[in-house]
Amino acid sequence: MADELEKKYYKIKDVAELLDVNASTLRYWEKEFPECAPRRSATNIRYYDAKSIELLRIIRYLLKDKGLKIEAAKEQLKSNRKNVSRKIEVLERLEDVRNQLDGILSSLNKRR
């Protein structure tokens with residue numbers, strides 16, 4: 001996902017849309033997971049870089065998709081972050097393949 005980001009920094013609204021969560025959720029996660037805290041401007045505007053967004057994507061997966069509690073997610077990040085990141089990448093690739101196959105199937109059904 002970090003490769004797909006076009007800008008160097010993103011505001012909280014953009015990151016919330018990207019991860020499909022509320023901005024208030026990101027602010028909460030920032031308190032619970034200080035390592036994902038964004039840079040702040042002189043006027044206190046949050047600016048997230050690709051590294052922070054990637055970490056937030058992992059946190060979102062652990063909390064929303066896997067249904068872990070905050071403490072369990074913290075433990076996973078501490079002990080197994082690399083494997084969690086790989087699992088997310090594989091799931092995203094599989095979803096892309098599924099979407100492509102759905103498109104092919106739809107095209108084939110239209111030809112009948």
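- Summarising the geometry, atom CG belonging to L94 is positioned 10.5 Å from atom CG belonging to L101; distances are rounded to the nearest 0.5 Å.
- Of the possible donor and acceptor atoms, none in the side chain of R40 sits under 3.5 Å from a partner among the backbone N and O of I45.
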Kindly determine whether Y10 and D49 satisfy side-chain contact (heavy atoms from CB on, under 4.5 Å), including the steps that lead there.
CA-CA 7 Å; Y10 289 81; D49 61 7; over 6 Å; no
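- Under the 4.5 Å side-chain criterion, counting only non-hydrogen atoms from C-beta, D14 is not in contact with Y48.
- In this structure, E32 and K74 have side chains that are in contact, with non-hydrogen atoms separated by less than 4.5 Å.
- Minimum heavy-atom separation, R60 to L19: NE-O, 2.6 Å.
- Grouping the Ile, Leu, Val, Met, Phe, Trp and Tyr side chains by contacts below 4.5 angstrom, directly or via other members, places Y61 with V21.
- Closest non-hydrogen pair, Y47 versus P38, comes out as O-CB, 3.3 Å.
- When side chains are defined from C-beta on, F33 counts as touching L63, because their heavy atoms get closer than 4.5 Å.
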Is there a salt bridge (charged side-chain N to carboxylate O under 4.0 Å, His left out) between D20 and K64? Walk through the geometry before answering.
CA-CA 10 Å; D20 194 28; K64 300 285 185 178; over 6 Å; no
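- Side chain of S107 to backbone of G103: a donor-acceptor contact under 3.5 angstrom is found.
- I12 is listed as a side-chain neighbour of R27, based on a closest heavy-atom distance under 4.5 Å.
- Side-chain contact between D102 and R98 is present, with at least one heavy-atom pair separated by less than 4.5 Å.
- Taking each heavy atom of A37 and S52 in turn, the nearest pair found is O-OG, 4.0 Å.
- Proximity of I53 to R57: side-chain heavy atoms (C-beta onward) are nowhere separated by under 4.5 Å.
- Judged by distance alone, with hydrogens and angles left aside, the side-chain atoms of N22 form no donor-acceptor pair with the main-chain N or O of T25 at under 3.5 Å.
- Rounding to the nearest 0.5 Å gives a distance of 9.5 Å between CD of E35 and CG of L56.
- Cluster membership for L18 and I59, using ILVMFWY side-chain heavy atoms within less than 4.5 angstrom, is shared.
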As a quick check of understanding, evaluate side-chain contact (heavy atoms from CB on, under 4.5 Å) for R46 and V15, giving each step before the final call.
CA-CA 10 Å; R46 290 170 169 83; V15 177; over 6 Å; no
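- Pairing each heavy atom of E30 with each of C36, the nearest pair is CA-SG, 4.1 Å.
- Cluster membership check: W29 does not share its hydrophobic cluster with Y9, using side-chain heavy-atom separations under 4.5 Å among Ile, Leu, Val, Met, Phe, Trp and Tyr.
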